[in-house]
Amino acid sequence: MEGTRAVTVFVSMLRAVNVGGHSKIKMDELQAAYVALGLRNVRTLLQSGNVVFSSRLKDRAALAKRIMQEIERRFDLQIDVVIRTLDEIKKIVERGPALSPRADKSRLLVMFLAGVPDAQGAAALLKQHKGSEMIEVRGPEIYLYYPDGVGRSKLTTAFIENKVKTTGTARNWNTLTKLLEAGETIGRA
């Protein structure tokens, strides 16, 4: 029965929104797009395409597809959407990276991939990367530590995607903790 299914809190992250003047979407308009899809408790966070919402739907691939179609219809933009449950985000934050437990969290990012890279792709990423950054591939996420900052690093999204053969979007640690807080607020509502 439709009415008896549990509600799940999701976090969706849009790839390359409001970055460098490209793919501009106002967050209130993005929120309205999610509401129009019947998603509930919709909240945007920051200006970079982070949306927390709840839904009775469980199929995240179908949810991502519906959201991408609505964004294309409303904004004439083809944007990749990566979705995780709030529980998955919570585990990522609680577990943290193994690469350096004392790492400065302000230099830590998590890249959320659209799929799990195969062993060859993960190995190619680790082998071909030559910088000072630390990389930890864990399923469909990659923990990335940039000791010298992200700005001048050659470990770019494009480099990573080319090696692991899937798309993704990265969020810094501060954003992840804010997404977790926003999602927990929805979960208590």
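Please read all numbers here as calculations on a predicted model, not as lab measurements.
Atom CD1 of Ile89 and atom CD of Glu94 lie 12.0 Å apart (nearest 0.5 Å). Atoms CG and CE, on Leu126 and Met134 in that order, are 13.0 Å from each other to the nearest 0.5 Å. How far NZ of Lys90 is from OG1 of Thr177: 14.0 Å, rounded to the nearest 0.5 Å. In this structure, Leu39 CG and Leu63 CG are separated by 6.0 Å, a value rounded to the nearest 0.5 Å. For the atom pair OG1 of Thr85 and CG of Asp87, the computed distance is 5.0 Å after rounding to the nearest 0.5 Å. Put simply, CD1 on Ile186 and CZ on Arg40 are 11.5 Å apart, with the number rounded to the nearest 0.5 Å.
Glu88 has its side chain out of reach of Val11: every pair of non-hydrogen atoms, C-beta onward, lies at least 4.5 Å apart. By the 4.5 Å heavy-atom criterion applied to side chains, Thr167 and Val82 are not counted as neighbours. By the 4.5 Å heavy-atom criterion applied to side chains, Met111 and Leu113 are counted as neighbours. By the 4.5 Å heavy-atom criterion applied to side chains, Thr44 and Asn50 are not counted as neighbours. In this structure, Val110 and Ile142 have side chains that are not in contact, with every pair of non-hydrogen atoms separated by 4.5 Å or more. The closest side-chain heavy-atom distance from Ile67 to Ile79 is not below 4.5 Å. By the 4.5 Å heavy-atom criterion applied to side chains, Glu184 and Leu86 are counted as neighbours.
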Legend entry - Residues Leu14, Thr169; criterion side chain to side chain contact (heavy atoms under 4.5 Å, CB included); working and verdict: CA-CA 7 Å; Leu14 281 61; Thr169 186; over 6 Å; no
Inset, instruction - Decide yes or no on side chain to side chain contact (heavy atoms under 4.5 Å, CB included) for Lys105 and Asn174, but give the supporting numbers first. - result: CA-CA 8 Å; Lys105 297 275 199 260; Asn174 185 45; over 6 Å; no
Legend entry - Step-by-step side chain to side chain contact (heavy atoms under 4.5 Å, CB included) determination, Val51 to Gln31: CA-CA 8 Å; Val51 185; Gln31 182 175 6; over 6 Å; no
Legend entry - Val93/Trp173 under side chain to side chain contact (heavy atoms under 4.5 Å, CB included): CA gap, chis, key distance, verdict: CA-CA 8 Å; Val93 171; Trp173 201 257; 4.1 Å; yes
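Here Phe10 pairs with Phe53 under the ring pair (Phe, Tyr, Trp, His ring centres under 6.0 Å) rule; sequence neighbours left out. Not counting sequence neighbours, the partners of Arg95 by the side chain to side chain contact (heavy atoms under 4.5 Å, CB included) test are Ile92, Arg138, Tyr143. Scored by the side chain to side chain donor-acceptor pair (under 3.5 Å) test, Asp148 finds Ser132 as partners (sequence neighbours excluded). In terms of the salt bridge (Lys or Arg N to Asp or Glu O under 4.0 Å) criterion, Arg66 has no residue partners (sequence neighbours excluded). With sequence neighbours left out, Thr8 forms a side chain to side chain donor-acceptor pair (under 3.5 Å) with Lys58. Contacts of Val116 classified as side chain to side chain contact (heavy atoms under 4.5 Å, CB included), with partners at least two apart in sequence or in another chain: Pro140. Every residue two or more places apart in sequence or in another chain that forms a side chain to side chain donor-acceptor pair (under 3.5 Å) with Thr175 is listed here: Asn172. Not counting sequence neighbours, the partners of Ser54 by the side chain to side chain donor-acceptor pair (under 3.5 Å) test are Asn41.
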Would you be so kind as to tabulate the donor-acceptor pairs closer than 3.5 Å made by side chains of residues 153-160, with sequence neighbours excluded?
| unit_1 | atom_1 | unit_2 | atom_2 | d |
| --- | --- | --- | --- | --- |
| Ser153 | OG | Glu133 | OE2 | 2.5 |
| Ser153 | OG | Leu155 | N | 2.9 |
| Thr156 | OG1 | Phe159 | N | 3.1 |

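With 3.5 Å as the limit, one finds a donor-acceptor pair spanning the side chains of Tyr34 and Ser12.
When every heavy atom of Val137 is checked against every heavy atom of Ala122, the shortest pair comes out as CG1-CB, 4.2 Å. Taking all atoms of both residues into account, the shortest heavy-atom contact from Thr166 to Gly115 is OG1-N, 3.5 Å. Contact detail for Ala64 and Val81: the closest heavy-atom pair is CB-O, 3.8 Å. The two residues Val7 and Arg56 make their nearest non-hydrogen contact at CG2-NH1, 3.7 Å. When all heavy atoms of Pro117 and Val164 are compared, the pair lying nearest together is CB-CB, 3.6 Å. Across all their heavy atoms, Leu77 and Lys24 have their closest contact at CD1-O, 3.9 Å.
Evaluation of the salt bridge (charged side-chain N to carboxylate O under 4.0 Å, His left out) test over residues 161-179, restricted to residues two or more places apart or in two chains, returns Arg15-Glu161. For residues 57-92, the set of pairs meeting the ring-ring contact (aromatic ring centres under 6.0 Å, His included) definition, not counting sequence neighbours, is empty. Residue pairs meeting the salt bridge (charged side-chain N to carboxylate O under 4.0 Å, His left out) criterion with at least one member in residues 71-84, sequence neighbours excluded: Glu70-Arg73, Glu70-Arg74, Arg84-Glu141.
Environment of CD in Glu29: crowded, with over 12 heavy atoms of neighbouring residues, nucleotides or ligands closer than 6.0 Å.
A salt bridge links Arg107 with Asp104; the closest basic N to acidic carboxylate O contact falls under 4.0 Å.
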